[in-house]
Amino acid sequence: YAGFLSLHALAENGCSPFNHCDGITLGEGSGVLIVESYEHAVARGAKIYCEVLGSGVSSDAHHITAPREDGEGQMNAIRWGMKASGVDESEIGYINAHGTGTAKNDMAEFLSLHTIFDEKNDNLSVSSTKAMVGHCLGAAGSIEAVFSIKALTENMVPPTVGYSDEDIENLKEKAGKIDFRPNEPKEKKLDTVMSNSFAFGGNNASIIFSKSAGNVELPKKEKVYITGLGVVAPCGNGVENYVEKFNADVKPESTSVASAVGSADYAACGLKMAFYRKLDKFSQLQAVSGMNAIQNAGLTINDDNAKDIGIAVGTAAGPLATICHFQKDLIEGGNIAGSAFKFPNTVYNAAGGYLSICSGIKGYNVTVTNGAQSGLASMAYAMSVLRSGQENAMLATGSDENSDTMTELFGKLGVTSENVVAPFAGKDGFVLSDGSASVLIEDEKAARERGARIYCHAAGYGMAHSNVKFGTLTGSEAGLTNAVNNALADAGMTIDDIDAVFGFANGMKAVDDVEIKGLTAVFGDKLAEKPVVELKEVLGESRAAAATTAAAHAALMFAGKIPSQEAYSIAADGSVSKTNVEASKLNNVLVVAYGAGGSYTAIVLSK
C-alpha cells in the first residue's frame, strides 16, 4: 500500500479500468490451476475444463514502472500467444484484460487491443475483473486465468463495473466495435479466450484457453549451446578476471564476503552512471553480469534481433536489502514515508526488467524464485523456451546479494560458520557470499549462422522436488536423484557418460550429506570414478549465483580456460577424499543445485 501510495497510483474511490483511469485498487488472493497433459488427464478420468493452447511472453525494454506508450511489448506478447496457439484474431471471443485503472496502462492497452483486433474481429468482448477484485499483484495473472476459464466454460462474459450513464456514452467513442461490457455480464457462446497480464519491469504475458483442441505442430527439439558467459563474484568480476583469480587459488578470507560493482564495471559494459544510480545492488550485480555475457558472446542486440532474445533470472532472496530499507522507512515514518525511488526495486523481477532496459532485449522475460537452485533452474527454463521455438537465444542468470541484513539473518539461523570451512568437513556452517552469473544459451541454427564461439552443448535438464519442511534439506535426497535421472534421460545419456559432477556442497553438514546420498543413489559404486567439483569452497554460498556460476565454470573448463581443478572423490561408503580433474579429459559433466525445502535442478553439459 505504501509503495503504490508513494507512486500516487491508488484510486481514491475504487479503480475504474478503461473509464476514469485514475489509479488502482489493491487486492489480494490466490488462483490455482491444475495443468496436465491431455493423455494423463484422460487416463485418470479428470474433468477437463479446456485446453491451454499457448502463450506469449515479452519485455518492453523501456521503463521499470511505466508501459511503452506505443504498446509494442504488449502487442508482441498477444501476437506471440496467438501464433503459439495456432489461432488468429477472429477466433478470440473474450479477453480478460490487464486493465489496472491507471491512465498509462489503460491507454497503452486500449491502443494494443485496437491495433491488433480492429478490422479483424467485430465480435470481441473485453473486460477487466480488477474493477471487482482489485489488482492482486503477483496473484492477478492466476486469478484472472481462473476467471477467463470460467467465462469460457459458463459462456458468460464478466463485466467491468463502475460506469455511470455518462461514462458509458464516453466509452462508446473509445471502444469502437470492441464490447467492453460496462456494468453487466453477458451470455455469449465462447470457444476461445485470452488472458493478459502486464507488470513492473515491462514484463508482458498473454495466454489462450480453448474448448477446441490446438492445431499447432511443435518444433523439433534442437540442440542448444552456451555461447556467452558473465561473472560477478567476490573473487573478481568479468570472465577473464574470474579465471585469473580462480587459477591463482584465491579463496574467501572471512565468513561473510560480498561482490562489488562500480563505475569501471559499468563503463566496461557501456552503461552510464545515470542508469547505475537507479539500481539497487541486486539489480547492479545482475546488469553487469548480464551485459558481460552479451559482450563475451560477441552478440550485438538491435531492432532486428531484440525480439528473438529472452531473459530468465533466477534468485533465492531477490532484492531483500532494498525491501528491508523500504520497510524501515515505513516503521520510522509511517506509510507516507514510502520511497517512490526504492519501491520499484522491491519487486523480484526488477533486476530482469532493468537488464532488458539496458540490453535492449524484448523477448521472453521471467524471474524464477525457488531457493538456491534458482540459478540453475533459470537455465532449465531457458532451454525449454529455446526448444519450444519461442526464442533464438536466452540469457539465463543466477543472482543473489549479501548485505548486513543477509549476514544478520543467516547468522541468526545458525547456518554461517565462524571460520572458513571446506565442504565435507562435517561442520554446520558455510561462508555467506553473493554475486551474479549469466550464460547466453542459443539454439544451434542461430549460433551457427552468426558464427558464435561455442563453449559447450547444454544437452539435458531435470527438475524434481522431494517435500520436506521448508528451510531444511535432510531427507530430500530422492529429489536430487530424480532430477539427475531426468537430466540424463533428457540428454540421452547414462551414468557411464558422465565424467565429472559440479556439486552444491557448502560446508554445512546437512547440505553436504544430501548431496552424497543423492549422487550415490544415482551412480552407486561408480561415483568414486566421478570427480565432484565443489566451487563454494572458493565462491562461498552465493545461492542462485553459485548455481549458475558452476555451469559457467564447467563451460570455461571445456574451453580450456581452467586447465585443472581440485575435486573430491566420494566412495561407496560415503567417505570423501581429495582428487583432481583435468579439463582435457572432460566430455560430459553434470551440474546440480539445491533449494531449501527439497527442490533440485540438474543439467548435463557436453563438450
Side-chain angles (χ1 to χ4, degrees), residues 1-7 59 63-66 137-138 199-203 230 232-234 256-262 265-266 271 275-291 311-331 337-359 365-375 377-378 395-410 432-438 541-548 595-596:
Y1 170 82
F4 283 100
L5 183 68
S6 72
L7 296 177
S59 187
H63 192 274
I64 200 64
T65 57
L137 307 180
F200 274 12
N203 292 171
V232 173
S256 181
V257 294
S259 305
V261 294
D265 298 292
Y266 259 58
L271 300 176
F275 180 78
Y276 170 88
R277 294 187 186 99
K278 295 179 181 179
L279 278 57
D280 61 347
K281 182 184 178 182
F282 176 61
S283 295
Q284 291 169 3
L285 298 175
Q286 179 59 83
V288 171
S289 82
M291 294 300 289
I311 295 170
V313 173
T315 181
L320 188 61
T322 302
I323 293 170
C324 289
H325 291 158
F326 183 82
Q327 292 181 345
K328 185 172 182 287
D329 292 342
L330 305 186
I331 291 168
S339 166
F341 180 77
K342 293 177 184 177
F343 177 60
N345 294 341
T346 65
V347 298
Y348 278 70
N349 66 309
Y354 282 125
L355 182 55
S356 73
I357 293 168
C358 67
S359 66
N365 195 318
V366 64
T367 298
V368 183
T369 58
N370 189 18
Q373 58 99 43
S374 297
S378 74
L395 197 58
T397 77
S399 301
D400 271 304
E401 63 178 358
N402 193 3
S403 63
D404 292 344
T405 300
M406 298 298 290
T407 300
E408 179 181 359
L409 291 174
F410 275 98
L432 183 64
S433 178
D434 70 2
S436 177
S438 299
E541 179 54 276
S542 54
R543 292 146 285 146
T548 314

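Nearest approach of G314 to A544, heavy atoms of both residues: O-CB, 3.6 Å. Listed here is the closest heavy atom pair of L271 and A287: CD1-CB, 4.4 Å. Residues A372 and A316 approach most closely at N-CB, 3.8 Å, considering heavy atoms. Across S356 and G201, no two heavy atoms sit closer than the pair OG-O, 4.1 Å. Summarising the geometry of F282 relative to A351, their closest heavy-atom pair is CE2-CB, 3.6 Å, with the distance given to 0.1 Å. Between R277 and F341, the closest heavy-atom pair is O-CZ, 3.1 Å.
Tested against N365, the residues L395, N349, N203, L355 include a single side-chain contact (heavy atoms from CB on, under 4.5 Å) partner, N203.
Within the 3.5 Å criterion, the main-chain N or O of M406 finds a donor-acceptor partner in the side chain of S403. Under a 3.5 Å cut-off, the side chain of K281 and the backbone N or O of S259 do form a donor-acceptor pair. Of the possible polar contacts, one joining the E401 side chain to the L320 backbone as a donor-acceptor pair under 3.5 Å is found. Using modelled atom types, no side-chain atom of T548 and backbone atom of A545 make a donor-acceptor pair closer than 3.5 Å. The backbone N or O of S433 lies less than 3.5 Å from a partner atom in the side chain of R543, making a donor-acceptor pair. Side chain of S378 to main chain of T397: a donor-acceptor pair is present (N/O by atom type, distance under 3.5 Å, no hydrogens or angles). Between the side chain of T346 and the backbone N or O of F343, at least one donor-acceptor pair lies under 3.5 Å. Within the 3.5 Å criterion, the main-chain N or O of V313 finds no donor-acceptor partner in the side chain of T367.
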Working for side-chain hydrogen bond (donor to acceptor under 3.5 Å, both in side chains), residues S542 and D400: CA-CA 6 Å; S542 54; D400 271 304; over 6 Å; no
Check against side chain to side chain contact (heavy atoms under 4.5 Å, CB included), Y354 and N345: CA-CA 10 Å; Y354 282 125; N345 294 341; 2.7 Å; yes
Stepwise side-chain hydrogen bond (donor to acceptor under 3.5 Å, both in side chains) check, D404 with T407: CA-CA 5 Å; D404 292 344; T407 300; 5.5 Å; no
Audit row: T315, Y348, side chain to side chain contact (heavy atoms under 4.5 Å, CB included) steps and yes/no: CA-CA 8 Å; T315 181; Y348 278 70; 4.3 Å; yes
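The aromatic rings of Y266 and F275 sit tilted, their planes meeting at an angle between 30° and 60°. Using the six-membered ring where Trp is involved, F200 and F4 have ring planes that are tilted, between 30° and 60° apart.
A 4.5 Å side-chain heavy-atom check between D265 and V232 finds every atom pair outside the cut-off. A 4.5 Å side-chain heavy-atom check between N402 and V257 finds every atom pair outside the cut-off. Contact annotation: the side chain of M291 never approaches that of S438 to less than 4.5 Å [non-hydrogen atoms, C-beta and beyond]. Residues I311 and S59 have side chains not in contact (no heavy-atom distance under 4.5 Å, counting atoms from C-beta outward).
Atom SG of C358 sits about 9.0 Å away from atom CD of Q286, to the nearest 0.5 Å. Note that CD1 of I64 and OG of S283 are 6.5 Å apart. Values are rounded to the nearest 0.5 Å. Annotation: the span from L409 atom CG to C324 atom SG amounts to 6.5 Å, rounded to 0.5 Å. One finds the NZ atom of K342 at 8.5 Å from the OG1 atom of T322 (value rounded to the nearest 0.5 Å).
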